[in-house]
Q: 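Okay, handing you the structure first.
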There are 2 protein chains.
Amino acid sequence: MPKRVVPEERRRRRRPTRSGRVLSESLIVETALRLLHEHGSAGLTARRLGLALDCDPSTLYRYFRGMDDLTLAIGDALIGRALHGWRPAGPWREDLRAIGLRIHTAYLSHPQAAVLTASRVSGRANELAADEAVLDVLRTAGFPLPEAVRVYHAFIDTTLAFAALDAASLALPDAARRADEDMWHSAYARLPAATHPRLAEAAPLLAARMVTSAYPTALDMLLTSAGDRLAGPS
Amino acid sequence: MPKRVVPEERRRRRRPTRSGRVLSESLIVETALRLLHEHGSAGLTARRLGLALDCDPSTLYRYFRGMDDLTLAIGDALIGRALHGWRPAGPWREDLRAIGLRIHTAYLSHPQAAVLTASRVSGRANELAADEAVLDVLRTAGFPLPEAVRVYHAFIDTTLAFAALDAASLALPDAARRADEDMWHSAYARLPAATHPRLAEAAPLLAARMVTSAYPTALDMLLTSAGDRLAGPS
DNA sequence: CTCCTTATGCCAACGCCATTGACCTTACGC
DNA sequence: GCGTAAGGTCAATGGCGTTGGCATAAGGAG
């Protein structure tokens, strides 16, 4: 029933909960991240969060407009962590590879938030800094502007797309995730060669490979193609 | 409470619902797709589906083990539509490009469903057929088995990842989607060159390009890299 | 130091949701 | 046409997010 959520910086009164704990936006976000880690994708509920913070679930609505607002706040924190401390260090290809893997890893460490935020354009500081860094690596490497933009677009969207896809698998309820993974050992592994010869011969390799992320492979293929263009018509 | 769901092809009795409608797996899936279009990706619930089909929600459990099983069936239907009528026709590169674009297009035509299903592995008929087709194109082109599996993995996951990413944007509420798109004309276009020189110089190109899908570009880069390997060490 | 205002925590309730067990009815194989 | 069990329906369970009303204590004003 709070019509209005008081922004964190305007908060004056800090009234402790019945257990003596003083709440804050960042405390709630940190606790939410912990819950997601401990209890899996279904582990973040207002009720459970209230339990962990020893406050009533409805109290959270004094800090966020709803669970969705809370999730966005969590996602915003992720972007900052991904590139925290990164500096360009080597050849452009290594730098881009490092940036991509950092973003991918950061999102996958909190899959539930990643699923909701990977497809959004926030225009906030950390997002701008990441984009500037990618473009700078490409331009410094000698890519002409239109080509740099082309590669940037493919690079950043491939990275975010894989982050979202791989995060979605991790964010599934345990039962569903296991069922999806087992599929490569069950349905795919037992196909008759008569109807599915190509899948039959590939089954063992698929069972080993498909449970991993294709992002490193796809990223390398993308960088190889970009390198061809840089070297080729120069 | 149905311990066991009777597979569609073994169904003998077709008892109509109280309103006289005869249910079937495909009727349920089609209705679910319609609901997703009308009510958004959170709009598919057993209750609403029961309302639309004029049957009790629990009846659905005679056809699917649960809502998760239903979403897998929806995803398989999308893949089926994507490759309906497709036949290998030309050089492997054209064939793969066609398959990828068909899948991408099919998913984007049902964004709300795509968001739910793009990251799942169902092992159902249409999914198997699509995978068999991709592997067949690669093997016929002369890729050795391990390399074919590598390219297959990167190809199919890149395609599904972009389908999910692009679908997520389309599935956003109108206001949020427009806000995301305008970002490239507002925040990004007005950055001072002092702090973000690379973004500043690229802004006009970004505004034109970032509102489109990077999938065609990324796909071409992937296929180019695969082609290099096929031609190179042969 | 006291008083008043109101921010903020708490309680109870609402209306969703998926899922299940028991029941009942009717379509189909014989 | 009869017996069986497939398949539709009902009612109930325990979760969820969210909200209106209320109680209380924090912190500024004097």
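For clarity, every value in this text was computed on a predicted model and none was experimentally measured.
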Q: Do side-chain atoms of Arg177(A) reach the backbone of Leu172(A) as a donor and acceptor pair under 3.5 angstrom?
A: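 Here the side-chain-to-backbone pair does not exist.
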Q: Spell out, as yes or no, whether a donor-acceptor pair under 3.5 Å connects the side chain of Asp180(A) to the backbone of Arg120(B).
A: no
Q: Hey, does the side chain of Glu181(B) reach the backbone of Val211(B) with a donor-acceptor pair shorter than 3.5 angstrom?
A: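 Not a single qualifying donor-acceptor pair exists.
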Q: Do side-chain atoms of Thr59(B) reach the backbone of Cys55(B) as a donor and acceptor pair under 3.5 angstrom?
A: no
Q: How about Asp166(B) and Tyr107(B): does a side-chain donor come under 3.5 Å of a side-chain acceptor?
A: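 No, because no side-chain N or O of Asp166(B) sits under 3.5 Å from a partner of the opposite role on Tyr107(B).
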Q: Rounded to the Å, how far apart are Arg48(B) CZ and dC17(C) P?
A: 6 Å
Q: Which dot-bracket string describes DNA chain D (Watson-Crick N1-N3 plus N6-O4 or O6-N4, or G-U N1-O2 and O6-N3, all under 3.5 Å; [ ] crossing; | other strand)?
A: ||||||||||||||||||||||||||||||
Q: For dT9(D), take OP1 and OP2 only and decide whether either is under 4.0 Å from a side-chain N or O of Thr59(B).
A: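 Checking Thr59(B) against dT9(D): at least one side-chain N or O falls below 4.0 Å of OP1 or OP2.
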Q: Relative to the 5' end of DNA chain D, which residue comes earlier, Asp68(A) or Leu60(B), by the nucleotide with the nearest heavy atom?
A: Leu60(B)
Q: All N/O contacts under 3.5 Å from nucleotides 12-16 of chain C to the protein, with atom names and distances to one decimal?
A:
none

Q: Which of the following nucleotides, dT19(C), dC11(C), dT18(D), is nearest to the side chain of Pro57(B)?
A: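 For Pro57(B), the side-chain atoms sit closest to dT19(C).
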Q: Which of the following nucleotides, dG17(D), dT20(C), dG8(D), is nearest to the side chain of Tyr61(A)?
A: dG17(D)
Q: Do Arg102(A) and Thr105(A) come close enough that some side-chain heavy atom pair is under 4.5 Å?
A: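 They are not in contact (no side-chain heavy atoms under 4.5 Å apart), so the answer is no.
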Q: Starting at atom CZ of Arg62(B), determine the distance to atom P of dT9(D), rounded to an integer number of angstrom.
A: 10 Å
Q: Look at the rings of Tyr215(A) and Phe162(A) and say which category their plane angle falls in: under 30° parallel, 30 to 60° tilted, over 60° perpendicular.
A: tilted
Q: Assess whether side-chain hydrogen bond (donor to acceptor under 3.5 Å, both in side chains) is satisfied between Asp69(A) and Tyr63(A), documenting all intermediate values.
A: CA-CA 9 Å; Asp69(A) 197 20; Tyr63(A) 291 83; over 6 Å; no
Q: Quickly work out the Arg18(A) CZ to dT8(C) P distance and round it to whole Å.
A: 18 Å
Q: Roughly how many Å is it from CG in Leu49(A) to C1' in dG15(D), rounded to a whole number?
A: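 To the nearest whole Å, that distance equals 17 Å.
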Q: Ignoring hydrogens and angles, tell me if any N or O in the side chain of Glu127(B) forms a donor-acceptor pair with the backbone of Gly123(B) under 3.5 Å.
A: yes
Q: In whole angstroms, how far is the C1' atom of dG7(D) from the CG atom of Leu27(B)?
A: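 One finds 15 Å between C1' of dG7(D) and CG of Leu27(B), rounded.
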Q: Taking the minimum atom-to-atom distance to the side chain of Thr17(B), which one of dT18(D), dT9(D), dA23(D) wins?
A: dT9(D)
Q: If I take atom NE2 in residue His39(A) and atom P in nucleotide dC16(D), what distance separates them, rounded to the nearest angstrom?
A: 11 Å
Q: Please state how far atom CZ in Arg15(A) lies from atom C1' in dT5(C), giving the value in whole angstrom units.
A: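 Taking CZ of Arg15(A) and C1' of dT5(C), I get 14 Å after rounding.
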Q: Using whole Å, report how far CZ of Phe64(A) lies from P of dT19(D).
A: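 Taking atom P of dT19(D) as the reference, CZ of Phe64(A) is at 16 Å.
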Q: Can you see if the side chain of Tyr63(B) gets near the phosphate of dG8(D) - specifically, an N or O under 4.0 Å from OP1 or OP2?
A: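 Yes, within the criterion.
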